[in-house]
Structures are given as C-alpha cells and as structure tokens.
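Okay, structure first, notes after.
Please read these numbers as outputs of a predicted model, since none were measured by experiment. Protein chains get the first letters and strands the later ones, always in sequence-line order, with residue 1 at the start of each.
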Number of protein chains: 2
Amino acid sequence: MSSVVTGSERIPAAERREQILDAATRVFGELGYAGTTTDRVAREAGISQPYVVRMFGTKERLFIEVLERTCDRILAAFDAAVDADGDPRPLAARIGAAYVELVDTDRGILLSLMQGFILGHDPAIGPVARAGFMRLFERLREAGFGPDESTGFMARGMLINTLLASGLASSIGEDRCVSELFTSTFGDKIGIVAPSTQD
Amino acid sequence: MSSVVTGSERIPAAERREQILDAATRVFGELGYAGTTTDRVAREAGISQPYVVRMFGTKERLFIEVLERTCDRILAAFDAAVDADGDPRPLAARIGAAYVELVDTDRGILLSLMQGFILGHDPAIGPVARAGFMRLFERLREAGFGPDESTGFMARGMLINTLLASGLASSIGEDRCVSELFTSTFGDKIGIVAPSTQD
DNA sequence: GTCTATACTAGGATAGAC
DNA sequence: GTCTATCCTAGTATAGAC
C-alpha cells in the first residue's frame, strides 16, 4: 500500500522530492506520460501544482527522474535476488519471483517503466527508456543467463506489465480463459495479483 | 509503406473513413491515446480537424474503432496462418511468423493495440482493450495450443510490441547486446526490423 | 519551503457556410 | 462531403507573496 500524503507541512526538500516521485510514479503508471497532469501528481502528493513544477522544472524532467529511479529499483531487486544465498531455488526462479513480487511492493514501478518504453518516439524520453531497457537485459546477461533465456525473461516481464496495465487481473475467476492466462503467467504467485473477494 | 494522403477531393464517406482510420492507427501507435491530437490525425489523412471529429464523434470513439479494427486484423492474420496448408512449417512457427510479418505490413497495427492495452484504467477504452487481448489469447487456445504455450506467444508478442515502440531497433548493429536481443526475439526474421544501412 | 494568482497555449468540439 | 471560424476548457509554467 502506498502512503497517501495528506497535509502539507514544511518538510525538508529531499523528503518532499521523494513524496512527489512516489506519487508521480503511481500516476504516470496509471495514466501514461501525456495523460498525466502535474496537478494530479501534486494532489496525490498533497501539495500545490506549481510546487511540483518548481521542484522538477518541467513535467518531462519529472517523468525522466521517475523512469530512472524506477529502473534503479528493479535492478536493485534483481541484485538482491542474485545475492540471496539463503534461498534454495535456482537463480532463474529467484529473479522471476523478485520481479513478480515488485507488483506487490509497488506496481507503479512496473507500470511507469512500461509507459516509458512505449514512448520511444519522444526525443528526450526515448533514449532514457531505451537505456533502461538495455540495462535490465544486460544485468540478466551478467547474471549468467544466455541471450535466449534473458530475452524470455524480458518477454515474460513485458507480459506481466501489460496484464497489470490492462486491468485484466480483476476478471480472474470470472472468466476461465483469464484465469488460465494468469496462472500460466504468475504460477503459484497468482495470489499477488488476484483481487480479494470483497472488492 | 503506408500511403500518405495529400489532397482532399470529394470522396465517398466509407473510403474517407478508412483513410482516417489508417492515419489514426499510425498516429495513436506512435504517440499514444493522450499524446495524439485529432489535428495531427487530420493532417496525416489530408483533411481538416473538425471533419475527423464530425465523422467519429469524439477522439475516444475514434480510438476505440482503431482498436477494434486492429484486433480484427491480427486475428485475420492468425487465421490465415492456421489455414495455410501449403506452408510446411509447424503451426506455432507459422503463427509466430505471421505476427512478426505484421510489423512489416503495418506496424501501426501492433503499436496502437499496445497503446490500448496500457490504457486499462480508462472506463471506455479499458474494456475494449481487455476484450481484444482475450480474443487473441482465446484464438490461440482454439488453434490447439495449451495455456502455457499460448501465454508464451502472448509474452513474445508483448516483447515485440515493446521493442518496436521503444525504438530500440535503430540500435541494432551499434550495440552488441541490442543485436543479441533482437536476434533472440525475431530469429531469422530480423531483417524486417533492422534498419537499412543508408538511414 | 510552499502557496495563490495568473499568463499563455493547446486542443477537443460546435456552428454554420459552401 | 468538407471547410473556416470560433468557443471553451484544461493544463503547463511563471511571478511573486508569505
């Protein structure tokens, strides 16, 4: 659950920055770059719209910061999975699980990254998104996976992102085919995405 | 190569409709729903902005029509691959190749569909996008593929869409890792996405 | 560090002529 | 069937007070 900010006390800039980035990650993930307004981000962060702009210069720069932070976090999750010696599962299973668990921790991370990827045309954002994508791929290669296996990982990741973004998860249980699809995609981790009954 | 319309003679509504849908498919695919302006679509179709709105009512409806048409075309390509008795390759290879070849025919199709998937939050567009996604999945199931295999197909499709949208294709040859990734993703069909040398 | 007020532009949609 | 003119809202960004 992401902490929803309410008031607007006078707090250190660095901390406010993080709050804004958290809010922006959620909103960009849901509405995309063009669909997001700085005002919406501001309200979710509990501050005024001009302050968001003041702090990041432009909406574009805000998005780029979100993208980079997002990518860093996924890499950190990969690294943690690689270094988890206590875990008896094979490396591939650990990294896969780490990615799926990010959905639970903060799905804005995966969604905003996905939004960045499909913005390749944009002269400022495109290069950042492409670099992020390749950093993820390269990290898999460095972890010892071959080209095909790494590509397979990325493919499954893109499917996960798309399923989350599309909102299909809420039809699990209603539609037999959707259930099949999610079971194949998430395996025993399906509980993370399946909506609770009292929705 | 998509035919770029220039003039604006008086032509039958049905034909104009198709021109607009073609243009809209391209533009939505590149810029996303929120990022696309009806004016841009109009200019690409060689007509005035109000006429686009006049013909489709709202930008939202235009996008929904694009989405549905797009989905129909992909299903048609799948069906053609299933029914291709002359082709000696196994069914899985034929369907995979059919999807990749759509990139060549009209990459706007894949991109605009992807843009729809990512818009699940939208109350009007979300349901259409989800239905489209499931139609594709179900068609694979009907063609005889199991849940896991069908899911694998969708995953590879989402990766292809993401790679196209991100614009990474233009770095093939420049970056060793990018080349690896594209070779793994597109196999011997890589020529379709690789940019020609005199770019 | 944070706000209010506001300037300015873009863009969807409508009216109505031809 | 298609255009021009235009309305109106939304949204980024700036100025400047507190």
Side-chain angles (χ1 to χ4, degrees), chain A residues 4-24 26-28 30-67 115 119 121-125, chain B residues 4-28 30-67 112 115 119 121-125:
Chain A
V4 174
V5 183
T6 327
S8 62
E9 286 177 57
R10 197 182 172 83
I11 66 173
E15 197 176 326
R16 191 107 270 177
R17 230 186 134 72
E18 288 304 303
Q19 288 181 343
I20 298 175
L21 286 169
D22 282 345
R26 263 180 279 129
V27 181
F28 279 130
E30 194 180 326
L31 307 176
Y33 173 66
T36 293
T37 66
T38 54
D39 184 64
R40 176 75 186 273
V41 171
R43 271 183 286 117
E44 296 235 352
I47 55 171
S48 71
Q49 179 268 333
Y51 192 27
V52 171
V53 176
R54 160 79 79 128
M55 196 154 233
F56 291 89
T58 64
K59 172 177 152 179
E60 191 173 68
R61 293 241 292 233
L62 173 59
F63 186 70
I64 288 173
E65 289 219 34
V66 164
L67 221 48
Q115 296 286 355
L119 240 59
H121 77 96
D122 186 287
I125 297 171
Chain B
V4 174
V5 183
T6 328
S8 61
E9 284 177 58
R10 198 181 169 86
I11 66 173
E15 196 176 327
R16 192 105 271 177
R17 230 186 134 71
E18 289 303 305
Q19 288 181 343
I20 298 175
L21 285 169
D22 281 346
T25 302
R26 263 182 278 129
V27 181
F28 279 129
E30 193 179 327
L31 306 176
Y33 174 66
T36 293
T37 66
T38 53
D39 184 64
R40 176 74 186 272
V41 171
R43 271 184 286 116
E44 297 236 352
I47 55 171
S48 70
Q49 179 267 332
Y51 191 27
V52 171
V53 176
R54 160 78 80 127
M55 196 156 234
F56 291 89
T58 63
K59 172 177 153 180
E60 191 173 68
R61 293 242 291 235
L62 172 60
F63 186 69
I64 288 173
E65 289 218 33
V66 164
L67 222 48
S112 56
Q115 296 286 355
L119 241 60
H121 77 95
D122 187 286
I125 297 170

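- To the nearest 0.5 angstrom, A/Ile64 atom CD1 is 7.5 Å from A/Thr58 atom OG1.
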Practice prompt. Take nucleotides 12-18 of chain D nucleotide by nucleotide from the 5' end and write B, S or -, depending on whether a protein heavy atom sits under 4.0 Å from the base, only from the sugar-phosphate, or from neither.
Written response: BBB-B--

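- Classification of A/Glu65 and A/Arg61 as a salt-bridged pair fails, no side-chain N sitting under 4.0 Å from a carboxylate O.
- Look at CZ on A/Arg43: it is 13 Å from P on C/dT4, rounded to the nearest Å.
- Here CD of A/Gln115 is found 7.5 Å from CG of B/Leu119. Values are rounded to the nearest 0.5 Å.
- The distance between atom CZ of B/Phe56 and atom P of C/dT14, rounded to the nearest whole Å, is 16 Å.
- Separating the CD1 atom of B/Ile47 from the C1' atom of D/dT4 is a distance of 14 Å, rounded to the nearest angstrom.
- If you measure from atom CE of A/Met55 to atom P of C/dC3, you get 11 Å, rounded to the nearest angstrom.
- Taking atom OH on A/Tyr51 and atom P on C/dT2, their separation rounds to 4 Å, with Å as the unit.
- Figure legend: cation-pi geometry between B/Lys59 and B/Tyr33, with NZ or CZ positioned under 6.0 Å from the six-membered ring centre and within 45° of its axis.
- As rounded to whole Å, 12 Å separates atom P of D/dC3 from atom CD of B/Glu9.
- In this structure, B/Asp22 does not pair ionically with B/Arg26, as no charged nitrogen and carboxylate oxygen lie closer than 4.0 Å.
- Note: CD1 (B/Ile11) to P (D/dC3) measures 10 Å, nearest angstrom.
- Among all heavy-atom pairs drawn from A/Arg16 and A/Ala45, the shortest one is NH2-O, 4.3 Å.
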